[in-house]
Amino acid sequence: MSDYIPSQIEAKWQAKWEADGLYQANIDPSKPKHYALTMLPYPSGDLHIGHWYAFIPSDAHARFMRMNGYNVLLPIGFDAFGLPAENAAIKEGIHPMKRTFENIERMRGQLRSMGAMWDWRREAISATPEYYKWTQWFFSQLYKHGLAYRKLSPVDFCPHCNTTLAREQVWGDDRHCERCGTPVIKKNLSQWFFKTTAYAEELLNYEGMDWPERVKVLQTNWIGRSEGAIVTFTTQSGETFEIFTTRPDTLWGVTFMVLSPEHPLVSRVTTPEQQAEVNAYQAQAARQSDIDREAADKEKTGVFTGAYAINPVNGEKIPIYIADYVLMTYGTGAIMAVPAHDERDFAFARKFGIEVRVVIQPADIPPLDGATMPASIPASGTMVNSGPLTGTSADQAFHAAIQYVTDRGFGKGSINYKLRDWLISRQRYWGAPIPMIYCEKDGWNPVPDTDLPVLLPEDVAWKPTGESPLKLHPTWKNARCPVCGGPAERETDTMDTFMCSSWYHLRYLSPQYDQGPFDPAQYDYWMPVDTYTGGIEHANMHLIYTRFFHKALRDMGITKGPEPMIQLRNQGMVLGEDNEKMSKSRGNVVAPDQLVERYGADAVRSFLMFFARWEMGAPWNSSGIDGTVRWLRRVWALVTDPAHNPNQVASDETRRLLRRRVHQMLRRVTRDFKQFEFNTIVSGLMELLNEMGKAREAGVYGTPEWNEAVDIYLRMLAPVAPHIAEQLWEQTGRKYSVHTQPWPQVDEEAAREDEITIPVQVNGKLRHRLVVPADASEADIRAAALSSEIVQKYLDGKPPRKVIVAQKKLVNIVI
RNA sequence: GGGGAAGUGGCGGAAUUGGCAGACGCGCAAGACUUAGGAUUUUGUGCCGUAAGGCGUACGGGUUCAAGUCCCGUCUUCCCCA
């Protein structure tokens with residue numbers, strides 16, 4: 001017997017699998033297909049243990065599916081554009097392209113050491129022109145179908161560096177610039193958007209999707225559908241403006257209006273006396289984040305504009321304020337304030353001494369008095385002081401009020417979503433250039449498809465001058481107008497990298513294809529993605545974008561079907577040993593390369609599956625991996641070492657019991673694979689190994705039952721620890737490769753127990769264990785329990801008050 | 001403030017969903033082998049108790065013959081949103 005030395009077998013098998021093309025996935029109409037996809041990594045340069053935690057169980061599941069007869073596609077690639085590479089370029093002067101492709105090269109090596117069944121022929125890298133040509137083509141398609149548009153929008157801007165910042169470059173509660181520490185401000189810039197809101201309603205439908213409930217809830221909340229009405233108010237000076245309200249029933253309770261400080265009406269209605277105060281407030285509000293501004297528990301602030309609006313339902317004159325708790329980006333950027341029935345409006349009204357007018361009276365409390373009530377009452381009840389609605393219930397009034405404003409022409413029912421259109425523009429270099437050209441005469445037009453890709457120039461300057469490096473390039477932006485042929489300028493912004501990742505699952509299908517983003521034949525066979533795995537942190541960004549993308553493309557006839565990903569599963573996070581999030585600054589990062597070197601990829605794989613519930617994650621425990629190392633060594637020893645006592649001859653009973661346990665465990669492991677319960681797969685294999693060890697001591701080595709046990713064991717092991725499984729498969733004289741073997745079938749007859757142990761409780765406390773034949777009836781069990789010596793002792797001659805026999809699982813005797 | 005997830009031995013976690021709490025592993029303890037042990041192996045290991053026995057799934061109630069699991073309330077942690 002030889003020792004188990006992972007380094008000797010892992011590289012050998014990886015090379016052979018690669019040379020044999022064992023994991024190449026090709027269209028095969030004779031087999032059911034399974035497209036398994038794991039969220040693609042960003043090439044940060046070093047593979048993190050978190051990557052392994054995402055990839056390995058996904059790989060094991062894909063291998064399981066393959067052994068179950070599916071033609072499995074498991075691709076890999078890199079989300080290669082993005083900020084970190086560009087920031088490093090600014091700091092260290094290394095070109096993002098150079099750095100990114102060096103990182104990819106390094107990560108490829110790390111990824112290969114994992115022994116996953118990736119089909120590397122399908123590798124796609126989003127930063128290559130062959131890839132981003134099609135990212136740009138999709139942009140053009142969206143533009144041509146009216147789903148991409150340009151508008152003025154506020155962005156975070158550092159006045160010292162004179163540049164716009166991405167959200168993750170704005171730090172701290174005071175929202176300062178990460179580079180110079182200057183507090184950022186909001187600045188209005190013209191930028192490109194995708195109309196995600198056009199699909200808001202459809203995105204709320206998860207029919208036919210096997211997605212975790214929590215992800216659906218996150219998306220539903222993020223999309224934030226609310227029903228209400230849009231009502232047009234008029235200022236005293238005759239300007240009209242719209243407000244969105246979810247409570248049109250409270251229109252008669254409006255005592256003031258609030259505009260967002262950024263609302264265009266503000267400058268037009270503010271009176272000269274109020275101008276200075278309003279300007280100061282606008283400047284201060286621009287410095288705060290939306291989240292801070294809307295915080296319910298925050299002290300309410302605001303300024304009176306000096307202007308008044310007319311309430312269209314009763315002609316009342318009501319003051320117009322500006323306040324930062326009203327956001328320009330939600331609804332219409334203006335609200336009607338009903339302090340009696342809205343918490344924030346109430347806080348504002350009390351602070352500014354504005355009237356609180358009750359229009360809903362809940363049934364079970366004394367009549368409310370607006371002047372003295374301590375808090376707003378959002379509850380339902382009967383309408384009061386509400387003109388024609390008075391006396392109806394608030395529920396009825398909701399619809400009646402919509403009817404009322406609709407009939408009179410100053411409002412209509414409306415559905416509002418919190419979901420906003422997707423801002424695509426980034427004032428950054430390291431991304432796919434937005435393929436648009438601006439001409440003084442013809443305006444914006446897309447770069448003709450035949451001119452794609454719009455190549456990212458390599459010769460750019462890295463100084464943070466405040467403009468996109470593309471804008472400062474001496475010649476790059478010069479172009480010809482696609483319409484008139486005259487001189488024109490390119491868009492110098494690049495695309496959000498979420499754009500690249502919204503369609504990478506399509507590029508994997510045919511990364512070399514140059515007639516379109518993907519080969520339709522490959523699409524028709526492989527799509528949709530059957531199993532998608534990744535972190536839950538992408539629930540509200542990537543997973544909404546990619547669904548939007550698929551639906552928009554479907555409506556253009558490019559993709560098919562309602563959804564791109566049928567089944568979704570999320571892994572949790574591996575924390576550092578200190579129970580904190582792993583990060584270089586905390587010094588708690590676990591380096592997978594060292595672990596692989598020391599313990600072997602199979603042990604690392606096994607431990608990652610074993611040490612926590614996959615969807616939960618857990619803190620890393622470096623000594624825990626010893627357990628899986630020992631287990632694999634014992635597997636090795638059990639299979640390669642002949643019996644210690646060759647003269648021992650196993651009884652028929654021993655052989656039968658071994659077979660039973662093997663098939664019982666096979667049933668359990670099969671079930672757990674289907675349910676993504678990887679930790680119990682490994683613990684089940686450990687358990688079975690312990691039992692096989694005992695059986696071998698009892699002399700089963702070399703019997704047909706033993707050989708079957710080894711056979712089934714290695715097949716079950718193959719998805720978890722593919723190298724050792726392959727090696728032992730070969731060493732026991734089996735035919736290459738274990739990974740092309742079918743998953744074993746459970747022999748239900750062999751797995752059946754012939755005796756079962758029934759716990760017997762007296763008054764709910766365990767007092768006895770009854771062993772009965774498996775086919776014993778409940779009456780038999782009851783009789784056996786009652787007649788047992790121990791139960792007799794507790795009964796002490798008296799009849800039991802009640803006897804419960806629970807489906808051959810347990811007996812409870814109540815005395 | 002709203003929504004979601006979670007709370008089980010010294011630790012990570014099991015518990016076929018209302019039916020034997022603590023599988024499996026780490027750690028720990030004792031023994032074997034060994035010049036040695038950070039190798040291997042055997043046994044033990046929820047807590048209290050010498051024992052019989054009792055107590056135990058964050059806390060307090062409830063439903064039930066039976067609750068980690070269901071219901072009500074409280075606390076704590078994490079995530080998302082405001």
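Naming: A, B, ... by sequence-line order, numbering from 1 per chain.
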Atom [atom1], compared across [N] and [M]: separation rounded to whole Å:
N	M	atom1	value
B/G10	B/A58	P	13 Å
B/G49	B/G56	C1'	15 Å
B/C11	B/U45	C1'	14 Å

Below 4.0 Å: OP1/OP2 of [N] and any side-chain N or O of [X]:
X	N	answer
A/Arg633	B/U40	yes
A/Lys809	B/A15	no
A/Asn679	B/G25	no

Does [N] have a Watson-Crick or wobble partner in any strand here, with both distances under 3.5 angstrom, and which is it?
N	result
B/G44	B/C28
B/U64	none
B/A52	none

Exercise. Could you tell me how the ring of A/Phe348 sits relative to the ring of A/Tyr325: parallel (under 30°), tilted (30 to 60°) or perpendicular (over 60°)?
Key: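 Aromatic pair A/Phe348/A/Tyr325 classed tilted.
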Practice problem: Using a cut-off of 6.0 Å, state whether more than 12 heavy atoms not belonging to A/Glu748 lie near its atom CD. | Solution: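 Enclosed.
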Exercise. Tell me, yes or no, whether the heavy-atom count around A/Met573 atom CE, taken from other residues, nucleotides or ligands under 6.0 Å, exceeds 12.
Key: no
Practice problem: Could you grab the distance from atom CD of A/Glu615 to atom CZ of A/Phe678, nearest 0.5 Å is fine? | Solution: 10.0 Å
Quiz prompt | Given B/G3, B/G4, B/G12, the nucleotide with the shortest approach to the side chain of A/Ala618 | solution =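 The listed nucleotide nearest to A/Ala618's side chain is B/G12.
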Quiz item: Between A/Ser606 and A/Leu632, which heavy-atom pair has the shortest distance, and what is it?
Solution: OG-CD1, 4.0 Å
Practice problem: Test A/Phe607 against every option in A/Trp631, A/Tyr53, A/Trp620 by the ring-ring contact (aromatic ring centres under 6.0 Å, His included) rule and name the one that passes. | Solution: A/Trp620
Dump the pairs, protein N or O against N or O of nucleotides 63-68 of chain B, anything under 3.5 Å, distances to one decimal.
{"unit_1": "B/C65", "atom_1": "OP1", "unit_2": "A/Lys802", "atom_2": "NZ", "d": "3.4"}
{"unit_1": "B/C65", "atom_1": "O2'", "unit_2": "A/Asn812", "atom_2": "ND2", "d": "3.1"}
{"unit_1": "B/C65", "atom_1": "O2", "unit_2": "A/Asn812", "atom_2": "ND2", "d": "2.8"}

Practice problem: Determine the contact category for A/Arg782: base if any of its heavy atoms lies under 4.0 Å from a base atom, sugar-phosphate if only primed atoms, P, OP1 or OP2 are that close, otherwise nothing. | Solution: nothing
Practice problem: Give one of base, sugar-phosphate or nothing for A/Arg667, where a contact means two heavy atoms less than 4.0 Å apart. | Solution: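 Here A/Arg667 touches no strand at all.
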Quiz item: Using the glycosidic torsion, which applies to B/G12: syn (within 90° of 0) or anti (everything else)?
Solution: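 B/G12: anti glycosidic orientation.
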Exercise. Using a 90° cut-off around 0 for syn, call B/U17 syn or anti.
Key: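 Syn conformation for B/U17.
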Practice problem: May I ask you to establish whether A/Arg547 and A/Trp211 are in a cation-pi arrangement, using a distance under 6.0 Å from NZ or CZ to the six-membered ring centre and at most 45° from the ring axis? | Solution: yes
Quiz prompt | Close side-chain approach of A/Arg225 and A/Leu204, heavy atoms under 4.5 Å | solution = yes
Would you tabulate the nitrogen or oxygen pairs shorter than 3.5 Å linking the protein to nucleotides 26-29 of chain B?
{"unit_1": "B/C26", "atom_1": "OP1", "unit_2": "A/Arg630", "atom_2": "NH1", "d": "2.4"}
{"unit_1": "B/C26", "atom_1": "O2'", "unit_2": "A/Ser623", "atom_2": "OG", "d": "2.9"}
{"unit_1": "B/G27", "atom_1": "OP2", "unit_2": "A/Arg630", "atom_2": "NH1", "d": "3.3"}

